[in-house]
2 protein chains.
Amino acid sequence: MAKYKNNCIKDITNILKALGDENRVRIVMALVDKGQLCVCQIIELLGLAPSTVSKHLYILRQANLIESNKKGRWVYYNLAGGGANKSVRKVLHWLQESLAKDAGIREDKKLLGKILKEDPERLCLKMKKR
Amino acid sequence: MAKYKNNCIKDITNILKALGDENRVRIVMALVDKGQLCVCQIIELLGLAPSTVSKHLYILRQANLIESNKKGRWVYYNLAGGGANKSVRKVLHWLQESLAKDAGIREDKKLLGKILKEDPERLCLKMKKR
DNA sequence: TGTATAGTTCGTTATATGGCGAAGTATAAA
DNA sequence: TTTATACTTCGCCATATAACGAACTATACA
(Lines give C-alpha, C1' and ligand atoms only; values in the text may rest on other atoms or scores of the structure.)
Protein backbone atom coordinates (compact mmCIF):
# COMPACT_ATOMS: atom_id res chain seq x y z
CA MET A 1 0.00 0.00 0.00
CA ALA A 2 1.24 3.46 0.89
CA LYS A 3 4.97 3.82 1.32
CA TYR A 4 5.73 5.41 4.66
CA LYS A 5 9.06 7.02 3.95
CA ASN A 6 10.05 10.34 5.43
CA ASN A 7 8.79 13.45 3.79
CA CYS A 8 11.47 15.06 1.76
CA ILE A 9 11.74 18.68 0.79
CA LYS A 10 10.84 17.73 -2.78
CA ASP A 11 7.46 16.32 -1.72
CA ILE A 12 6.77 19.29 0.50
CA THR A 13 7.57 21.92 -2.13
CA ASN A 14 5.49 19.90 -4.57
CA ILE A 15 2.50 20.19 -2.26
CA LEU A 16 3.13 23.90 -1.79
CA LYS A 17 3.50 24.51 -5.53
CA ALA A 18 0.29 22.62 -6.20
CA LEU A 19 -1.53 24.86 -3.72
CA GLY A 20 0.17 28.04 -4.89
CA ASP A 21 -2.46 28.74 -7.52
CA GLU A 22 -5.83 30.39 -6.92
CA ASN A 23 -7.78 28.08 -9.17
CA ARG A 24 -6.35 24.97 -7.55
CA VAL A 25 -7.10 26.34 -4.11
CA ARG A 26 -10.68 26.96 -5.24
CA ILE A 27 -10.91 23.35 -6.36
CA VAL A 28 -9.63 22.08 -3.03
CA MET A 29 -12.00 24.32 -1.08
CA ALA A 30 -14.92 23.18 -3.24
CA LEU A 31 -14.05 19.59 -2.35
CA VAL A 32 -13.78 20.52 1.32
CA ASP A 33 -17.29 21.94 1.03
CA LYS A 34 -19.01 19.29 -1.06
CA GLY A 35 -16.92 16.21 -0.44
CA GLN A 36 -17.01 15.04 -4.01
CA LEU A 37 -17.45 16.66 -7.41
CA CYS A 38 -17.31 15.50 -10.98
CA VAL A 39 -15.05 17.27 -13.44
CA CYS A 40 -17.85 19.01 -15.31
CA GLN A 41 -19.04 20.59 -12.05
CA ILE A 42 -15.55 21.90 -11.35
CA ILE A 43 -15.32 23.22 -14.91
CA GLU A 44 -18.58 25.05 -14.39
CA LEU A 45 -17.38 26.50 -11.08
CA LEU A 46 -14.08 27.83 -12.41
CA GLY A 47 -15.25 28.80 -15.89
CA LEU A 48 -12.09 27.45 -17.50
CA ALA A 49 -11.55 25.14 -20.46
CA PRO A 50 -11.91 21.41 -19.72
CA SER A 51 -8.29 20.76 -20.65
CA THR A 52 -7.11 23.44 -18.24
CA VAL A 53 -9.18 22.06 -15.38
CA SER A 54 -7.98 18.55 -16.14
CA LYS A 55 -4.40 19.71 -15.83
CA HIS A 56 -5.07 21.43 -12.51
CA LEU A 57 -6.63 18.23 -11.21
CA TYR A 58 -3.62 16.28 -12.42
CA ILE A 59 -1.26 18.58 -10.51
CA LEU A 60 -3.30 18.28 -7.32
CA ARG A 61 -3.36 14.51 -7.72
CA GLN A 62 0.40 14.33 -8.26
CA ALA A 63 0.84 16.13 -4.96
CA ASN A 64 -1.42 13.55 -3.29
CA LEU A 65 -3.90 16.22 -2.30
CA ILE A 66 -6.88 14.72 -4.10
CA GLU A 67 -8.06 11.35 -5.41
CA SER A 68 -10.27 10.37 -8.32
CA ASN A 69 -12.68 7.56 -9.04
CA LYS A 70 -14.34 6.89 -12.32
CA LYS A 71 -18.00 5.93 -12.58
CA GLY A 72 -19.02 5.27 -16.15
CA ARG A 73 -18.23 8.32 -18.22
CA TRP A 74 -17.94 10.55 -15.18
CA VAL A 75 -14.84 11.06 -13.06
CA TYR A 76 -15.34 12.16 -9.47
CA TYR A 77 -12.70 13.86 -7.40
CA ASN A 78 -12.42 14.10 -3.62
CA LEU A 79 -9.82 15.15 -1.07
CA ALA A 80 -7.13 12.65 -0.20
CA GLY A 81 -8.58 10.60 2.62
CA GLY A 82 -7.20 8.27 5.27
CA GLY A 83 -4.43 7.08 2.98
CA ALA A 84 -2.99 10.59 2.81
CA ASN A 85 0.09 11.27 4.86
CA LYS A 86 0.10 13.54 7.87
CA SER A 87 1.57 16.55 6.07
CA VAL A 88 -1.14 16.46 3.44
CA ARG A 89 -3.93 16.16 5.98
CA LYS A 90 -2.48 18.98 8.04
CA VAL A 91 -1.97 21.39 5.18
CA LEU A 92 -5.52 20.79 3.98
CA HIS A 93 -6.72 21.60 7.47
CA TRP A 94 -4.61 24.75 7.47
CA LEU A 95 -6.08 25.88 4.16
CA GLN A 96 -9.58 25.28 5.41
CA GLU A 97 -8.95 27.29 8.54
CA SER A 98 -7.18 30.11 6.72
CA LEU A 99 -9.90 30.57 4.12
CA ALA A 100 -13.00 29.85 6.19
CA LYS A 101 -14.04 33.50 6.03
CA ASP A 102 -12.79 34.33 2.54
CA ALA A 103 -15.37 36.20 0.47
CA GLY A 104 -14.48 34.55 -2.83
CA ILE A 105 -14.67 31.08 -1.37
CA ARG A 106 -18.09 31.90 0.07
CA GLU A 107 -19.25 32.96 -3.37
CA ASP A 108 -17.95 29.68 -4.74
CA LYS A 109 -20.01 27.82 -2.16
CA LYS A 110 -23.16 29.60 -3.26
CA LEU A 111 -22.42 28.96 -6.90
CA LEU A 112 -21.68 25.32 -6.14
CA GLY A 113 -25.08 25.01 -4.50
CA LYS A 114 -26.70 26.08 -7.75
CA ILE A 115 -24.47 23.85 -9.84
CA LEU A 116 -25.33 20.79 -7.76
CA LYS A 117 -29.05 21.44 -8.25
CA GLU A 118 -28.68 21.49 -12.02
CA ASP A 119 -29.23 18.40 -14.10
CA PRO A 120 -25.76 16.94 -14.63
CA GLU A 121 -26.58 16.02 -18.23
CA ARG A 122 -27.48 19.57 -19.09
CA LEU A 123 -24.45 20.88 -17.22
CA CYS A 124 -22.05 18.83 -19.30
CA LEU A 125 -23.75 19.93 -22.51
CA LYS A 126 -23.28 23.52 -21.45
CA MET A 127 -19.60 22.77 -20.96
CA LYS A 128 -19.38 21.41 -24.46
CA LYS A 129 -20.39 24.75 -25.95
CA ARG A 130 -17.30 26.61 -24.79
CA MET B 1 0.20 48.48 13.55
CA ALA B 2 -0.80 45.32 11.83
CA LYS B 3 -4.04 45.41 9.91
CA TYR B 4 -6.27 42.58 11.05
CA LYS B 5 -8.39 42.02 8.01
CA ASN B 6 -9.52 38.56 6.94
CA ASN B 7 -7.12 36.44 4.99
CA CYS B 8 -7.98 36.39 1.37
CA ILE B 9 -7.14 33.75 -1.14
CA LYS B 10 -4.60 36.09 -2.69
CA ASP B 11 -2.60 36.33 0.54
CA ILE B 12 -2.80 32.61 1.08
CA THR B 13 -1.63 31.65 -2.40
CA ASN B 14 1.11 34.23 -2.03
CA ILE B 15 2.37 32.45 1.07
CA LEU B 16 2.14 29.10 -0.68
CA LYS B 17 3.96 30.35 -3.76
CA ALA B 18 6.70 31.84 -1.61
CA LEU B 19 7.20 28.46 0.07
CA GLY B 20 6.91 26.49 -3.17
CA ASP B 21 10.62 26.70 -3.88
CA GLU B 22 13.30 24.50 -2.38
CA ASN B 23 15.80 27.28 -1.81
CA ARG B 24 13.26 29.45 -0.03
CA VAL B 25 12.22 26.52 2.15
CA ARG B 26 15.87 25.97 3.01
CA ILE B 27 16.13 29.62 4.04
CA VAL B 28 13.07 29.36 6.26
CA MET B 29 14.29 26.15 7.87
CA ALA B 30 17.71 27.71 8.49
CA LEU B 31 15.97 30.56 10.30
CA VAL B 32 13.88 28.08 12.28
CA ASP B 33 17.14 26.46 13.34
CA LYS B 34 19.30 29.49 14.05
CA GLY B 35 16.76 32.18 14.78
CA GLN B 36 18.60 34.87 12.88
CA LEU B 37 21.07 34.95 9.99
CA CYS B 38 22.74 37.65 7.99
CA VAL B 39 22.48 37.61 4.21
CA CYS B 40 26.07 36.53 3.62
CA GLN B 41 25.52 33.47 5.80
CA ILE B 42 22.46 32.52 3.77
CA ILE B 43 24.40 33.06 0.55
CA GLU B 44 27.09 30.74 1.84
CA LEU B 45 24.52 28.12 2.82
CA LEU B 46 22.73 28.05 -0.53
CA GLY B 47 25.74 28.67 -2.76
CA LEU B 48 23.80 31.07 -4.98
CA ALA B 49 24.62 34.53 -6.26
CA PRO B 50 23.95 37.39 -3.81
CA SER B 51 21.39 38.91 -6.15
CA THR B 52 19.50 35.64 -6.34
CA VAL B 53 19.43 35.20 -2.59
CA SER B 54 18.33 38.79 -2.14
CA LYS B 55 15.39 38.16 -4.43
CA HIS B 56 14.39 35.02 -2.54
CA LEU B 57 14.49 36.98 0.70
CA TYR B 58 12.36 39.69 -0.87
CA ILE B 59 9.72 37.14 -1.89
CA LEU B 60 9.62 35.61 1.58
CA ARG B 61 9.32 39.07 3.09
CA GLN B 62 6.49 40.05 0.74
CA ALA B 63 4.58 37.00 1.98
CA ASN B 64 5.16 38.15 5.56
CA LEU B 65 7.06 34.98 6.38
CA ILE B 66 10.27 36.70 7.43
CA GLU B 67 11.45 40.06 8.72
CA SER B 68 14.70 41.96 8.35
CA ASN B 69 16.65 44.38 10.46
CA LYS B 70 19.71 46.24 9.42
CA LYS B 71 22.71 46.64 11.69
CA GLY B 72 25.42 48.69 10.09
CA ARG B 73 26.33 47.13 6.80
CA TRP B 74 24.79 43.82 7.73
CA VAL B 75 21.16 42.85 7.23
CA TYR B 76 19.77 40.17 9.50
CA TYR B 77 16.71 38.11 8.72
CA ASN B 78 14.47 36.17 11.07
CA LEU B 79 11.10 34.46 10.94
CA ALA B 80 8.03 36.63 11.26
CA GLY B 81 7.39 36.92 14.96
CA GLY B 82 4.46 37.91 17.13
CA GLY B 83 3.25 40.42 14.58
CA ALA B 84 2.67 37.67 12.05
CA ASN B 85 -0.88 36.57 11.51
CA LYS B 86 -2.18 33.18 12.55
CA SER B 87 -1.96 31.62 9.09
CA VAL B 88 1.69 32.52 8.76
CA ARG B 89 2.56 31.18 12.19
CA LYS B 90 0.68 27.97 11.53
CA VAL B 91 2.16 27.28 8.13
CA LEU B 92 5.66 27.84 9.52
CA HIS B 93 4.88 25.33 12.22
CA TRP B 94 3.59 22.90 9.60
CA LEU B 95 6.79 23.23 7.57
CA GLN B 96 8.90 22.64 10.64
CA GLU B 97 6.98 19.51 11.52
CA SER B 98 6.94 18.18 7.98
CA LEU B 99 10.66 18.59 7.44
CA ALA B 100 11.99 17.78 10.89
CA LYS B 101 13.50 14.53 9.66
CA ASP B 102 14.47 15.61 6.17
CA ALA B 103 18.01 14.57 5.27
CA GLY B 104 18.82 17.68 3.23
CA ILE B 105 17.68 20.00 5.99
CA ARG B 106 19.85 18.10 8.49
CA GLU B 107 22.82 18.61 6.22
CA ASP B 108 22.00 22.30 6.08
CA LYS B 109 22.03 22.42 9.87
CA LYS B 110 25.48 20.90 10.00
CA LEU B 111 26.77 23.27 7.35
CA LEU B 112 25.20 26.20 9.17
CA GLY B 113 27.06 25.19 12.32
CA LYS B 114 30.33 25.54 10.45
CA ILE B 115 29.29 28.79 8.80
CA LEU B 116 28.43 30.37 12.14
CA LYS B 117 31.83 29.49 13.53
CA GLU B 118 33.59 31.25 10.69
CA ASP B 119 34.74 34.80 10.96
CA PRO B 120 31.95 36.87 9.40
CA GLU B 121 34.44 39.22 7.74
CA ARG B 122 36.18 36.37 5.98
CA LEU B 123 32.86 34.82 5.01
CA CYS B 124 31.71 37.93 3.21
CA LEU B 125 35.01 38.25 1.39
CA LYS B 126 34.58 34.68 0.19
CA MET B 127 31.18 35.66 -1.12
CA LYS B 128 32.70 38.57 -3.03
CA LYS B 129 34.83 36.21 -5.09
CA ARG B 130 31.93 34.52 -6.85
C1' DT C 1 -21.87 -1.80 -34.97
C1' DG C 2 -21.55 3.36 -35.17
C1' DT C 3 -22.16 7.85 -32.75
C1' DA C 4 -22.17 10.91 -28.89
C1' DT C 5 -20.24 12.21 -24.56
C1' DA C 6 -16.84 13.00 -20.39
C1' DG C 7 -12.26 13.52 -19.62
C1' DT C 8 -7.41 13.47 -20.79
C1' DT C 9 -3.29 14.34 -23.47
C1' DC C 10 -0.77 17.04 -26.83
C1' DG C 11 1.01 21.13 -29.07
C1' DT C 12 1.20 26.01 -28.97
C1' DT C 13 1.45 30.59 -26.99
C1' DA C 14 1.95 34.21 -23.51
C1' DT C 15 3.54 35.20 -19.19
C1' DA C 16 5.95 34.16 -14.73
C1' DT C 17 9.95 32.61 -12.39
C1' DG C 18 14.76 31.51 -11.09
C1' DG C 19 19.24 32.25 -12.19
C1' DC C 20 23.21 35.43 -13.23
C1' DG C 21 26.26 39.66 -13.60
C1' DA C 22 26.44 44.74 -13.73
C1' DA C 23 25.10 48.83 -11.74
C1' DG C 24 23.25 51.23 -7.74
C1' DT C 25 22.75 52.35 -2.50
C1' DA C 26 24.02 52.79 2.14
C1' DT C 27 27.18 52.21 5.77
C1' DA C 28 31.93 51.70 7.60
C1' DA C 29 36.79 52.29 7.43
C1' DA C 30 41.05 54.56 5.71
C1' DT D 1 36.43 62.43 1.24
C1' DT D 2 37.73 58.58 -0.89
C1' DT D 3 37.53 53.57 -0.90
C1' DA D 4 35.67 49.19 0.41
C1' DT D 5 31.98 46.42 1.84
C1' DA D 6 27.11 44.27 2.28
C1' DC D 7 23.23 44.18 0.11
C1' DT D 8 19.66 45.41 -3.36
C1' DT D 9 17.83 46.58 -7.81
C1' DC D 10 17.95 46.14 -12.76
C1' DG D 11 18.29 43.91 -17.15
C1' DC D 12 18.93 39.82 -19.35
C1' DC D 13 18.33 34.80 -20.50
C1' DA D 14 16.55 30.06 -20.03
C1' DT D 15 13.08 27.39 -18.30
C1' DA D 16 8.49 26.56 -16.14
C1' DT D 17 3.67 27.33 -16.01
C1' DA D 18 -1.25 28.49 -17.12
C1' DA D 19 -4.25 28.97 -20.65
C1' DC D 20 -6.40 27.41 -24.97
C1' DG D 21 -8.11 24.35 -28.89
C1' DA D 22 -7.42 20.05 -31.41
C1' DA D 23 -6.79 15.36 -31.28
C1' DC D 24 -7.26 11.18 -28.53
C1' DT D 25 -9.43 7.56 -25.17
C1' DA D 26 -12.95 5.29 -22.90
C1' DT D 27 -17.60 4.57 -21.82
C1' DA D 28 -22.60 4.74 -22.89
C1' DC D 29 -26.34 4.66 -25.92
C1' DA D 30 -28.86 4.18 -30.48
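All chains are named by letter (A, B, ...) in the order of the sequence lines, taking the proteins before the strands, and each is independently numbered beginning at 1.
- Here the C1' atom of nucleotide D:dA18 and the NZ atom of B:Lys17 are 11 Å apart, to the nearest Å.
- B:Asn14 places its CG atom 14 Å from the P atom of C:dA16, with the value rounded to the nearest Å.
- In this structure, B:Lys71 satisfies the cation-pi test against B:Tyr76, with its NZ or CZ atom closer than 6.0 Å to the six-membered ring centre and inside 45 degrees of the ring normal.
- The separation between B:Leu19 atom CG and C:dT17 atom P is 14 Å, rounded to whole Å.
- When rounded to the nearest whole Å, the span between CG of A:Leu48 and C1' of D:dC20 equals 10 Å.
- When rounded to the nearest whole Å, the span between CZ of B:Arg24 and C1' of C:dG19 equals 12 Å.
- C:dG7 atom C1' lies 8 Å from atom CD1 of A:Ile43, rounded to whole Å.
- Put simply, the side chain of A:Met29 does not reach to within 4.5 Å of the side chain of A:Ile27, judged on heavy atoms.
- Rounded to whole Å, atom P of C:dA16 lies 19 Å from atom CG of B:Leu16.
- Screening residues 78-92 of chain B for salt bridge (Lys or Arg N to Asp or Glu O under 4.0 Å) gives A:Glu97-B:Lys90 as the qualifying pairs, with residues at least two apart or on separate chains.
- For the atom pair CH2 of A:Trp74 and SG of A:Cys40, the computed distance is 7.5 Å after rounding to the nearest 0.5 Å.
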Distances under 3.5 Å between protein N/O atoms and the N/O atoms of nucleotides 22-30 of chain D, please, pair by pair.
none

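- Remark: B:Lys109 pairs with B:Asp33 by the side-chain contact (heavy atoms from CB on, under 4.5 Å) rule, at least two apart or across chains.
- Note: CD1 (B:Ile42) to P (D:dA6) measures 15 Å, nearest angstrom.
- When distances run from any side-chain atom of A:Val39 to the nucleotides D:dA19, C:dG7, D:dT17, the shortest one goes to C:dG7.
- Among the protein residues, A:Tyr77 comes within range of the sugar-phosphate backbone only, with heavy atoms under 4.0 Å from sugar or phosphate atoms but none that close to a base.
- At the phosphate of D:dC20, OP1 or OP2 sits under 4.0 Å from a side-chain N or O atom of A:Thr52.
- Put simply, the side chain of B:Leu31 does not reach to within 4.5 Å of the side chain of B:Gln36, judged on heavy atoms.
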Counting only pairs under 3.5 Å, give me each side-chain donor-acceptor contact of residues 13-20 of chain A, with atom names and distances, residues two or more places apart or in other chains.
residue	atom	partner	partner atom	Å
A:Thr13	OG1	A:Ile9	O	2.9
A:Thr13	OG1	A:Lys10	O	3.2

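- Under the side-chain hydrogen bond (donor to acceptor under 3.5 Å, both in side chains) criterion, the residue pairs touching residues 48-66 of chain A are A:Arg24-A:His56, with sequence neighbours excluded.
- Here the nucleotide nearest the side chain of A:Asn23, chosen from D:dC7, D:dA19, C:dG7, is D:dA19.
- Residues from residues 54-69 of chain B placing a heavy atom under 4.0 Å of any atom in DNA chain C, listed by number, are B:Lys55, B:His56, B:Ile59.
- No side-chain donor-acceptor contact under 3.5 Å links A:Trp94 to the backbone of B:Trp94.
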